[in-house]
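In what follows, every heavy atom counts, from backbone to side chain, and hydrogens, waters and symmetry copies are set aside. Proteins come first, then strands; the chains are lettered A, B, ... in the order of their sequence lines, and each starts at number 1. These figures come from a predicted structure and were not determined experimentally.
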2 protein chains.
Amino acid sequence: MARAAEVSPITASRALRNARGVDPTLAQRVHEAAEQLGYVPDPAARALASQRSSQVIVLVPLLSNTLFVDLLEAVHRTLFPEGYHPLIGVTHYDSAEEELLLRTYLPLRPAGLLVTGFDRSEASGQLIARSGVPCVHLMETSTTPGVPCVGFSQHDAGAAITRHLLDRGRRRIAFCAAQLDPRVMQRAAGYRHCLAQAGLYDPSLELLSPERSSIALGARLFEDMLARAPDVDAIFFCNDDIAQGGLLAASRLGIAVPDRVAVAGFNDLAGSDQMVPPLTTMRTPRSEVGRAGAAMLLGMMRGSQPAPGCVELDYELVVRGST
Amino acid sequence: MARAAEVSPITASRALRNARGVDPTLAQRVHEAAEQLGYVPDPAARALASQRSSQVIVLVPLLSNTLFVDLLEAVHRTLFPEGYHPLIGVTHYDSAEEELLLRTYLPLRPAGLLVTGFDRSEASGQLIARSGVPCVHLMETSTTPGVPCVGFSQHDAGAAITRHLLDRGRRRIAFCAAQLDPRVMQRAAGYRHCLAQAGLYDPSLELLSPERSSIALGARLFEDMLARAPDVDAIFFCNDDIAQGGLLAASRLGIAVPDRVAVAGFNDLAGSDQMVPPLTTMRTPRSEVGRAGAAMLLGMMRGSQPAPGCVELDYELVVRGST
DNA sequence: TTGTACGCGTTATCAC
DNA sequence: GTGATAACGCGTACAA
């Protein structure tokens, strides 16, 4: 290949990497030769020599929540054109799985690492830190300075939608949650904070299930909640999927929404706008989190000087018929 | 590391790969030494020397359809414990994107390749063939012998659910579809075939939209279909998400399901059992497709002698309240 | 700006 | 069953 372009191998190498310090004429010749020969540099040899691959490990809890699909989509759109290749790992909210994924993929010497939230095992944290691989945390914000992260305040967003229910005149506002991951618990804290300030917090109106979030579970939680506290006049579901399940249960049981019970969700997932009635929810900036997080990582991978801090994004209340 | 175990590097290499022809005593010593040192073989060096990595490229059209998420989950569960690592690529039903992904990832010298269906560009097909990488096709079946694939007959499944509607006494059976990928069109063919045999095929009852499948689109298709042919007494939606949208539209418009119009979906996605009324649908074996496809690939990667052919799996009609 | 010499960490080959 | 040697195909470091 270098022969075809009549340059030394190293010049070809530099030209193909678009490294600086190569005569444009030679670079041109190299690119043409590569094109004609269909030459593609071997990523393995490249990784071995440079101790760095073009892969970026992206760890998400699930793919069954479209939230993370949107996030991944944005990450891909941002990284791929820059020559970095996302390698998706699914943790299932399991720190042991996350650790195994890190042990498996960190030896690939990835160029970067994108992880969800801050909650992980001690061992995982150390694996990341000792690897020296640039890492950005997504979906949450941190108060610790110097930690690269892009997210929004789950706490405040949870409080904001609770306040919306208060503003609608509701007084017996319940909270139904599943999964109970850190971000859900932060929303729960926001809910409590908001109601406590209003003097309306009642622990018996919280229904927390460790089960995997699903539409079917939402239906069950809705029924359980109404059976337990028939006087509830609003329910804040921690995620749109269980909120949709709640709305469907209401429809099945003939319970008027929002007249008898208002229903609010979280994340504005697909289909929420099509429910009957349409679901009030909090639109969270997951695509923007993916984009900005990947962009921050790009900077770090290329050796940005100023240590990037924490980027806090906005969420948006979407008021629809269910409240 | 080899020093620590007091053996030559090559013996260590063989021991760690569990290659045959190593004294169990030495192998033991090597494994212990690796354990103590926290030694992990470098995948890049391994790939460079052996011309083969442990990665398996998996190409799916979308992640927003939980069908493919289930598929990927099963693939991961099958490959990962065997030391192979799925690398997910999303094509968005775009052959140019698929080709780019192949051009990008094939140079990694993956151990195997898992692709969705048979419909791809000439160039993509050649890239795969010339790479020599073992490849299994998923979700469809092929009549061509010798092509490794795991799937089911989309055509017959489409015909079967249409027959169910006939059996329910419906005579004006419509077909609503989105996305219009090859598998959707095969279901359409099954629908036509079934109705034509019954002498009830009416092209004006087909509504095909190239738009991306979604709940919102399903609602729109439902309304359009009823406006166009008020005498429709059943609608077969090509996928559960648009079927769910149809049911929600019916609920919103006060159209009785199934009394006025029966509704059937396809794939049995999350939430279909929670609809009001619950959605009749075709349960497709995507997890089994993932598992069996990955298992077939495992055989090929390890050099199975008998060229694996086509595995055809079963689907299952799930009758619920909507019909 | 370009080139030389070397090494990255592992496995293939072939001898012992 | 085990080991010596070489090579995999690039990039780094330094020299020119």
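- Distance, A/L108 CG to C/dG9 C1': 14 Å, rounded to whole Å.
- B/D42 has its CG atom 6 Å from the C1' atom of C/dG9, to the nearest Å.
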task: Check step by step if side-chain contact (heavy atoms from CB on, under 4.5 Å) holds for B/E140 and B/R183.
output: CA-CA 7 Å; B/E140 293 180 45; B/R183 290 165 293 290; 2.8 Å; yes

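- Using a 4.0 Å cut-off between a side-chain N of Lys or Arg and a carboxylate O of Asp or Glu, A/R302 and A/E82 qualify as a salt bridge.
- Rounding to the nearest 0.5 angstrom, the gap separating the CG atom in A/D94 from the CD atom in A/E99 is 10.0 Å.
- Each of B/A45 and B/G21 has a nearest nucleotide on DNA chain D; the 5'-most of these lies closest to B/G21.
- Scanning for side chain to side chain contact (heavy atoms under 4.5 Å, CB included) contacts around A/V184 gives A/A177, A/L180, A/D181, A/R187, A/C238, with sequence neighbours left out.
- Between B/Q51 and B/R20, it is B/R20 whose nearest contact on DNA chain D lies nearer the 5' terminus.
- We find that CG of A/L48 is positioned 6 Å from C1' of C/dG9, with the value rounded to whole Å.
- Annotation: side chain to side chain contact (heavy atoms under 4.5 Å, CB included) contacts of A/R120 (sequence neighbours excluded): A/E98, A/V115, A/S124, A/I128, A/H137.
- Of the side-chain N and O atoms in A/S8, none sit less than 4.0 angstrom from OP1 or OP2 of C/dT2.
- Rounded to whole Å, atom P of C/dG3 lies 10 Å from atom CG of A/D23.
- The main-chain N or O of A/N267 is found under 3.5 Å from a side-chain atom of A/R286 such that the two form a donor-acceptor pair.
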Contact list (N/O, under 3.5 angstrom) for nucleotides 12-16 of chain C vs protein:
residue: C/dA12; atom: OP2; partner: B/R17; partner atom: NH1; Å: 3.4

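- If you take CG of A/L16 and C1' of D/dG9, they are 13 Å apart, rounded to a whole angstrom.
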